[in-house]
Chemist: 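Below is one structure. I have some questions about it.
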Number of protein chains: 2
Amino acid sequence: MSLRFALLGFLSTTPASGYTLGRKFADGAGAMWEALPSQIYLELQRLEDLGLIEGETAKDDKLRRRVYRITKRGREELKIWVESESDERQRERDAERVRFLFLDRSGLPAIRRHVERHRLHYEQQLERWNRHRDDIADGTQERLVDRLADCPPRERDFVTAMKWFAFDGLVRRARMETGWAEDILTWLDTCGSKEEVATLPFEPRRRETNRRKATGIDAAPPKRRSQAR
Amino acid sequence: MSLRFALLGFLSTTPASGYTLGRKFADGAGAMWEALPSQIYLELQRLEDLGLIEGETAKDDKLRRRVYRITKRGREELKIWVESESDERQRERDAERVRFLFLDRSGLPAIRRHVERHRLHYEQQLERWNRHRDDIADGTQERLVDRLADCPPRERDFVTAMKWFAFDGLVRRARMETGWAEDILTWLDTCGSKEEVATLPFEPRRRETNRRKATGIDAAPPKRRSQAR
DNA sequence: CTGCCCATGTAAATCGTTACATGATTAC
DNA sequence: GTAATCATGTAACGATTTACATGGGCAG
């Protein structure tokens with residue numbers, strides 16, 4: 001369903017062909033819901049069948065491009081979906097974090113490589129979405145320009161701020177992932193080997209419940225300093 | 001593929017039946033890759049066909065429970081998957097953020113409701129994963145206890161720290177989402193209506209390139225204060 | 001005229017969700 | 001004895017990926 005409305009949302013600001021969507025989508029709603037061209041073409045056909053968009057191929061266009069524009073019903077359905085408050089959230093799906101979770105049986109170099117790749121990936125994401133967010137603040141972002149065109153002038157600041165916040169979410173996500181990776185790498189640096197762990201990332205708590213039975217005696221004062229916040 | 005290895009990873013520390021996985025999975029790898037029981041049962045059958053796990057139903061068990069345990073080949077394949085470094089990352093898929101992106105055409109109350117629900121959801125997540133992370137630090141987390149059981153004692157701190165970091169990622173994610181929502185709500189409070197935007201979340205940059213043609217004259221000093229960091 | 005990008009698709013396979021079925025056990 | 005929970009599944013559908021097909025335009 002979400003791809004359906006991501007495409008519909010994109011088309012709510014500007015008409016576009018499937019190919020154009022395949023490329024420009026990535027900088028708009030496609031940043032939050034990525035899809036391959038093959039799926040986009042299928043979904044556009046379905047949206048047209050549903051009457052939420054209308055496609056038109058110019059007779060003189062040798063490349064038989066089909067340009068879609070949103071219909072009145074499309075705008076209505078989009079609004080309904082966007083404002084709907086269902087309690088079902090998407091299921092969490094994070095393959096990289098699953099990998100990390102079971103990486104503790106691997107060697108230090110393999111762990112380090114994984115975390116370094118993670119950091120690099122999100123550093124690039126951070127740069128990308130930072131730039132994108134700035135383009136919104138500048139008013140140079142293409143889709144924002146289209147959106148502001150048919151928007152009451154008095155509401156322009158509001159719309160701009162909303163779009164800015166949307167991409168700010170991606171910036172924050174990237175920043176939090178780089179920070180996470182950074183803290184792990186810093187901690188890994190303090191480990192000579194898996195047997196030589198100099199610091200723990202957390203304040204030791206009632207660890208002795210593990211070794212002896214629980215005694216009701218409080219934990220000894222921490223011997224190691226915490227590191228990650 | 002990821003569900004396959006999330007299940008395999010779970011079974012790498014302790015044998016379990018499909019039903020047990022359906023419930024306990026959620027606190028382990030299932031936190032990063034959620035799945036419904038119907039899919040778990042299917043995937044377990046496939047894993048058994050592949051010879052990565054072995055299932056056994058006790059003859060005297062009236063409930064014909066099938067308990068699966070990982071095989072040697074399963075451990076090998078798990079390690080290969082975990083350490084594999086392919087450049088293909090999972091596609092981004094965030095329906096809530098797509099919703100927010102197109103919420104700018106809705107009224108302030110609808111926007112506020114959406115963001116408040118977002119905040120509430122991640123506050124609950126934050127609480128949940130904070131507790132989980134603490135259980136790991138305490139050594140009381142069930143799966144960690146199993147994992148440490150067949151682990152050289154000298155490596156226990158290392159493994160504990162790795163598991164802690166894994167769930168620390170979820171804690172940070174939840175914290176960043178609540179922070180994002182909080183900042184949007186604070187900003188919304190400053191807006192009397194869509195036409196009365198008192199503050200912008202960013203430092204105004206070269207906004208005038210939008211209204212007049214680019215002149216080469218530098219931007220006027222900002223008239224509004226930034227708010228979100 | 002050859003290779004590459006434009007532009008749109010289709011087919012098959014896999015992954016994931018929804019709805020339903022079944023029988024056994026446990027708590028009241 | 002009856003309702004809830006235990007425990008395992010199956011069938012149908014929808015979403016997504018992978019691989020391939022096609023035909024026009026354009027640069028060398």
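In what follows, chains are A, B, ... by sequence order, proteins preceding strands, each numbered from 1. For clarity, every value in this text was computed on a predicted model and none was experimentally measured.
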Chemist: With A:Arg4 as the cation and A:Trp81 as the aromatic partner, state whether NZ or CZ is under 6.0 Å from the six-membered ring centre and within 45° of the axis.
Modeler: no

Chemist: What is the distance, to the nearest angstrom, from the CZ atom on A:Arg93 to the P atom on C:dC15?
Modeler: 12 Å

Chemist: Atom CD of B:Gln39 to atom P of C:dT18: distance rounded to whole Å?
Modeler: 11 Å

Chemist: Assign the ring pair A:His118 / A:Tyr122 to parallel, tilted or perpendicular, where the plane angle (0 to 90°) is split at 30° and 60°.
Modeler: tilted

Chemist: Starting at CG of A:Leu47, measure out to CD1 of A:Ile40 and round the result to the nearest 0.5 Å.
Modeler: 11.5 Å

Chemist: Tell me whether A:Arg66 is salt-bridged to A:Glu48, with the criterion being a basic N under 4.0 Å from an acidic carboxylate O.
Modeler: yes

Chemist: Expressed in angstrom and rounded to an integer, what is the separation of A:Arg65 atom CZ from C:dG9 atom P?
Modeler: 13 Å

Chemist: B:Met1 has an atom CE; how far is it from atom P of C:dA13, in whole Å?
Modeler: 17 Å

Chemist: Between D:dC6, C:dG9, C:dG16, which nucleotide gets closest to the side-chain atoms of A:Tyr68?
Modeler: C:dG9

Chemist: Which atoms form the tightest heavy-atom contact between B:Phe165 and A:Asp183, and what is the distance?
Modeler: CZ-O, 4.1 Å

Chemist: Return a single string for nucleotides 22-27 of chain D, one symbol per nucleotide in 5' to 3' order, where B is base contact, S is sugar-phosphate-only contact and - is none, cutoff 4.0 angstrom on heavy atoms.
Modeler: --SS--

Chemist: Check whether any side-chain nitrogen or oxygen of B:Tyr41 sits under 4.0 Å from OP1 or OP2 of D:dG9, and answer yes or no.
Modeler: no

Chemist: Let's test your reading of the model: under 3.5 Å, does the base of C:dT18 pair with the side chain of B:Ser38 as donor and acceptor?
Modeler: yes

Chemist: Please state how far atom CZ in A:Arg91 lies from atom P in C:dG16, giving the value in whole angstrom units.
Modeler: 11 Å

Chemist: Heavy atoms from C-beta onward define the side chain here; which of D:dT16, C:dA7, D:dT8 lies closest to that of A:Arg23?
Modeler: C:dA7

Chemist: Can you work out whether A:Arg46 or B:Glu88 has the more 5'-proximal nearest nucleotide on DNA chain D?
Modeler: A:Arg46

Chemist: Return the value, rounded to whole Å, for the distance between atom CD of A:Glu34 and atom P of D:dT17.
Modeler: 9 Å

Chemist: Would you mind telling me which of C:dT8, C:dT18, D:dG9 lies closest to the side-chain atoms of B:Gln45?
Modeler: D:dG9

Chemist: I need the CG-C1' distance between B:Asp61 and D:dT8, as an integer number of Å.
Modeler: 12 Å

Chemist: Does A:Asp135 pair with A:Arg131 as a salt bridge, N-O distance under 4.0 Å?
Modeler: no

Chemist: So, does B:Tyr19 get its side chain near the phosphate of D:dC6, meaning an N or O under 4.0 Å from OP1 or OP2?
Modeler: yes

Chemist: What pair of heavy atoms forms the shortest contact from A:Phe10 to B:Phe102, and how long is it?
Modeler: N-CZ, 3.6 Å

Chemist: Please give, in whole Å, the distance from D:dA15 P to A:Phe5 CZ?
Modeler: 11 Å

Chemist: DNA chain C: A:Val67 or B:Trp33, which has the more 5' nearest nucleotide?
Modeler: A:Val67

